[in-house]
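Beneath this line is the structure, given in structure tokens, with notes to follow.
Below, read A as the first sequence line, B as the second, and so on, with proteins coming before strands; counting in each chain starts at 1. Side chains are part of it too, since the values below use all heavy atoms of this structure and drop only hydrogens, waters and symmetry mates. Since the structure is predicted, the reported quantities are computational estimates derived from the model, not experimental observations.
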Protein chains: 2
Amino acid sequence: MSKAAKTSEQILRAAEKLFSEKGFEATSLREITQSADVNLASVNYHFGSKKGLIQAVVERYQRVFMPALSAELKRLEDQGNVSTEGIVQCFVGPLAALEQVCAGGAEIYLKLLGYGYSEIQGHLRKFTMQRFGDVVQHAFRLFQTANPSFATETLFWRLHFALGTVLFAQVSARALIEIAKADFADPNPEAYMMQRLLAYVAAGISAPEATFLSTTRSKVV
Amino acid sequence: MSKAAKTSEQILRAAEKLFSEKGFEATSLREITQSADVNLASVNYHFGSKKGLIQAVVERYQRVFMPALSAELKRLEDQGNVSTEGIVQCFVGPLAALEQVCAGGAEIYLKLLGYGYSEIQGHLRKFTMQRFGDVVQHAFRLFQTANPSFATETLFWRLHFALGTVLFAQVSARALIEIAKADFADPNPEAYMMQRLLAYVAAGISAPEATFLSTTRSKVV
DNA sequence: GTCATATTCAAACACCTGTTTAAAACAAGG
DNA sequence: CCTTGTTTTAAACAGGTGTTTGAATATGAC
């Protein structure tokens, strides 16, 4: 491995760790370079800017996750029987595959997305869509076939709610897990958290449409 | 109104607006004081520190919201027939009541909470619990009576997922609404967003327990 | 009006941020 | 070996942050 590749790698490793812990904006380049045991200026040398570093960090995960997700979705579609829960379960494997990138990769990736969506308003979304829009749209189409009676609009909202649920849960996962450990004497809450999450999300996505909405529509502006 | 009360008020108004737009950490005291047309040092004079200002801003909303929520919950309990959807609907009125505090108060309050939960890790949660823990616990108890078969643990996780759904949705509401307007020619998506959200959340909370979880348990981790 | 208190104000403080510079160290091909 | 190009380094840059200071100004009670 060349020296250049080595420092880039060290920077990426340190950055993804710190970013996932504290968010992008709250993490300084000096923290990253100190943690990576590397000169401050090398971030700008190798990645151009902090923004470039953020993109590089996220992209490395996207390039593993998105193709894996795409494959899972295709597999599900081919085998017929497309259900909301089935689609949601398609995300589990690709997330687990992120362990290749680094230990705890799934957790890191989701936290990165969470911070990316709330901090760098829109940037990450746009970047993801133009790079992996086809995968996202494929997933959306499958959700539509699983819930054929739903208006496109309803599904749009619910899927974004679901995204929000997962990302927020992941960002505050550590705090929640600690509370769960203290309050319920659950020795290993993180093990099933993702499954709990997906069950909740699947139910929310495929909730009966409109009845609840239409009965109270007039009351609320 | 004394001069002191006037400047505090101006600071609070400007702060809540900017905080809800950009988050706590991304908003500087200089932005706030310029927007409030007030001297920089007056923030520290009146609120001690930036942290003090954040607390003051949030507290003003909590003191309106929490008692209103408490009343709604009592009302629901007294009239019997406690359902998940019913409890969730209890939040609508108290949120609307925040318009008293200022225009768009509900939106601002939820965004403040959203940023508070993801930025000042734990601080806001602790503060809320020690000040309004009784209301939170009352809500939790009602959710338990609405879903008597659920393990306390299950409800704990789902309610926090629900909180995350609502807060994340609110923080990214503006972006979502713009997309909805562009993609679906919906002239007024914000009108029903909260109802869409609550329907999703209620379904997620009262999803059938464990069947989904237990069938896939062995596969994960 | 006077006095004590409460509030405002401009300036400075100490520290942190991302980025740039120019010299130094290193690498590899001729 | 020397030269060319790449990479590392320490230092400085320009600008932003929350907070403190001490003098100036208002305020309100006697």
Can you check nucleotides 16-19 of chain D for protein contacts, nitrogen or oxygen pairs under 3.5 Å, and list what you find?
{"from": "D:dT17", "atom 1": "OP1", "to": "B:S28", "atom 2": "OG", "distance (Å)": "3.0"}
{"from": "D:dG18", "atom 1": "OP1", "to": "B:L29", "atom 2": "N", "distance (Å)": "3.4"}
{"from": "D:dG18", "atom 1": "OP1", "to": "B:K50", "atom 2": "NZ", "distance (Å)": "2.9"}
{"from": "D:dG18", "atom 1": "OP2", "to": "B:L29", "atom 2": "N", "distance (Å)": "2.8"}
{"from": "D:dG18", "atom 1": "N7", "to": "B:R30", "atom 2": "NH1", "distance (Å)": "2.9"}
{"from": "D:dG18", "atom 1": "O6", "to": "B:R30", "atom 2": "NH2", "distance (Å)": "2.9"}
{"from": "D:dT19", "atom 1": "OP2", "to": "B:N44", "atom 2": "OD1", "distance (Å)": "3.2"}
{"from": "D:dT19", "atom 1": "OP2", "to": "B:K50", "atom 2": "N", "distance (Å)": "2.9"}

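Here the C1' atom of nucleotide D:dT7 and the CD atom of A:Q10 are 13 Å apart, to the nearest Å. For the pair B:D37 CG and C:dT8 C1', the computed distance is 13 Å after rounding to whole Å. Following rounding to the nearest Å, A:L18 (CG) and C:dG18 (P) show an atom-to-atom distance of 12 Å. Atom OH in A:Y45 sits roughly 14 Å away from atom C1' in C:dA24 (whole-Å rounding). What separates CZ of A:F47 from P of C:dT19 is a distance of 13 Å, to the nearest Å. In this entry the distance linking CG of A:N39 with P of D:dT8 reads 9 Å, nearest Å.
By the salt bridge (charged side-chain N to carboxylate O under 4.0 Å, His left out) test, B:E77 pairs with no residue at all, sequence neighbours left out. Evaluation of the ring-ring contact (aromatic ring centres under 6.0 Å, His included) rule for A:F140 yields no partner, not counting sequence neighbours. For the ring-ring contact (aromatic ring centres under 6.0 Å, His included) test, residues two or more places apart in sequence or in another chain that qualify with B:F65 are B:Y109. Take B:A14 and apply the side-chain contact (heavy atoms from CB on, under 4.5 Å) test, not counting sequence neighbours, and it matches B:I32, B:S35, B:A36. Residues passing the side-chain contact (heavy atoms from CB on, under 4.5 Å) test with A:T154, sequence neighbours excluded: A:F150, A:A151, A:R158, A:E209, B:R196. Take A:N39 and apply the side-chain contact (heavy atoms from CB on, under 4.5 Å) test, not counting sequence neighbours, and it matches A:A41, A:S42. Listed by chain and residue number, B:K22 satisfy the salt bridge (charged side-chain N to carboxylate O under 4.0 Å, His left out) test with B:E31 (two or more places apart in sequence, or in another chain).
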Q: Determine which bases of DNA chain C form Watson-Crick or G-U wobble pairs with both distances under 3.5 Å, and write the result as a 5' to 3' dot-bracket string with | for other-strand partners.
A: ||||||||||||||||||||||||||.|.|
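Using a 4.0 Å cut-off, some side-chain N or O of B:H46 falls inside it from OP1 or OP2 of C:dT8. A close approach under 4.0 Å does occur between a side-chain nitrogen or oxygen of A:T7 and OP1 or OP2 of D:dT8.
Residues B:K111 and B:E21 form no side-chain contact, since every pair of their non-hydrogen atoms from C-beta on lies 4.5 Å or further apart.
In the displayed structure, A:R174 atom CZ is contacted under 6.0 Å by at most 12 heavy atoms of other residues, nucleotides or ligands.
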